[in-house]
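Data block below; observations after.
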Amino acid sequence: MQNISCGGVCCMSPISYEVGEKVMVVIAFVRPTFRTPAQVIWCNEVDNGFEIGLRFMSEKDAFAARMVEQVCHIEHYKREVLATEGRRMSGEEAAREWIEKHAPDFPEFESGPEVTTH
């Protein structure tokens, strides 16, 4: 996953998809695994595969994906702190610190019909 916008996600794929094709976005990093349908709105070949723009099928799905993105950032932060500082944190402690340090830089969620990640 490259990034998530108000209406979709930009991600990498080893295979090409047709514009208009329906796919399932799966983020296995979180528990339970996040799954939501999306539609391909663009697909570009790049050096290591294909960069794909996906539009979520509903605003509810887009909002849920946005929350998953934040969880992924927090988990990454938790691992980074352990690796660089040797400090173990609970998920709640990591969330509090990450929000304090990074929430102001995390773009606001605004509903809208377009994917703006490309």
Side-chain angles (χ1 to χ4, degrees):
M1 187 168 44
Q2 303 276 60
N3 57 52
I4 296 177
S5 73
C6 61
V9 62
C10 174
C11 58
M12 296 299 297
S13 171
I15 61 173
S16 175
Y17 289 91
E18 295 292 321
V19 171
E21 191 172 345
K22 301 278 194 313
V23 298
M24 185 64 65
V25 175
V26 178
I27 303 173
F29 179 76
V30 294
R31 295 289 179 248
T33 297
F34 176 78
R35 298 173 192 275
T36 192
Q39 183 175 27
V40 176
I41 59 168
W42 51 263
C43 181
N44 297 321
E45 189 168 5
V46 293
D47 290 338
N48 55 343
F50 297 87
E51 189 176 58
I52 300 171
L54 303 171
R55 176 179 292 142
F56 295 118
M57 304 305 282
S58 74
E59 191 171 310
K60 178 182 158 204
D61 293 338
F63 184 76
R66 186 85 166 137
M67 294 301 99
V68 169
E69 181 187 21
Q70 286 185 338
V71 168
C72 291
H73 282 293
I74 291 165
E75 283 300 314
H76 179 264
Y77 175 75
K78 184 177 165 183
R79 285 191 212 139
E80 186 178 84
V81 166
L82 179 60
T84 60
E85 299 175 23
R87 187 165 48 104
R88 293 188 186 278
M89 292 187 287
S90 69
E92 190 173 308
E93 291 168 328
R96 263 188 256 136
E97 280 190 27
W98 184 87
I99 289 168
E100 185 178 297
K101 292 180 179 183
H102 302 287
D105 301 324
F106 200 73
E108 291 290 321
F109 179 83
E110 296 177 18
S111 63
E114 297 299 317
V115 174
T116 57
T117 57
H118 190 266

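Here the structure is a predicted model, which means the values were calculated and not measured.
One finds the SG atom of Cys43 at 6.0 Å from the CZ atom of Phe50 (value rounded to the nearest 0.5 Å). From Ile41, atom CD1 reaches atom OH of Tyr17 across 15.5 Å, with rounding to the nearest 0.5 Å. Remark: Arg88 CZ to Glu93 CD distance equals 12.5 Å, nearest 0.5 Å.
Across every non-hydrogen atom of Ile74 and Gly91, the tightest pair is CG2-O, 4.3 Å. Leu54 and Cys11 make their closest contact through CD1-SG, 3.7 Å (heavy atoms, listed as atom of the first residue, atom of the second, distance). When all heavy atoms of Gln39 and Gly20 are compared, the closest pair comes out as NE2-O, 3.2 Å.
In the hydrophobic clustering of ILVMFWY residues, with side-chain heavy atoms under 4.5 Å counting as a link, Ile52 and Val19 come out apart. Linking Ile, Leu, Val, Met, Phe, Trp and Tyr residues whenever their side-chain heavy atoms come within less than 4.5 Å places Ile15 and Val40 in a single cluster.
Arg87 meets the side chain to side chain donor-acceptor pair (under 3.5 Å) test with Glu85, Glu97; sequence neighbours excluded.
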_The test is side-chain contact (heavy atoms from CB on, under 4.5 Å); show your working for Trp98 and His76 and say whether it passes._
CA-CA 10 Å; Trp98 184 87; His76 179 264; over 6 Å; no

*Check step by step if side-chain contact (heavy atoms from CB on, under 4.5 Å) holds for Val46 and Met12.*
CA-CA 9 Å; Val46 293; Met12 296 299 297; 3.3 Å; yes

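A salt bridge links Arg96 with Glu92: at least one charged nitrogen is closer than 4.0 Å to a carboxylate oxygen.
Side-chain contact check for Trp42 versus Glu51: some heavy-atom pair is nearer than 4.5 Å.
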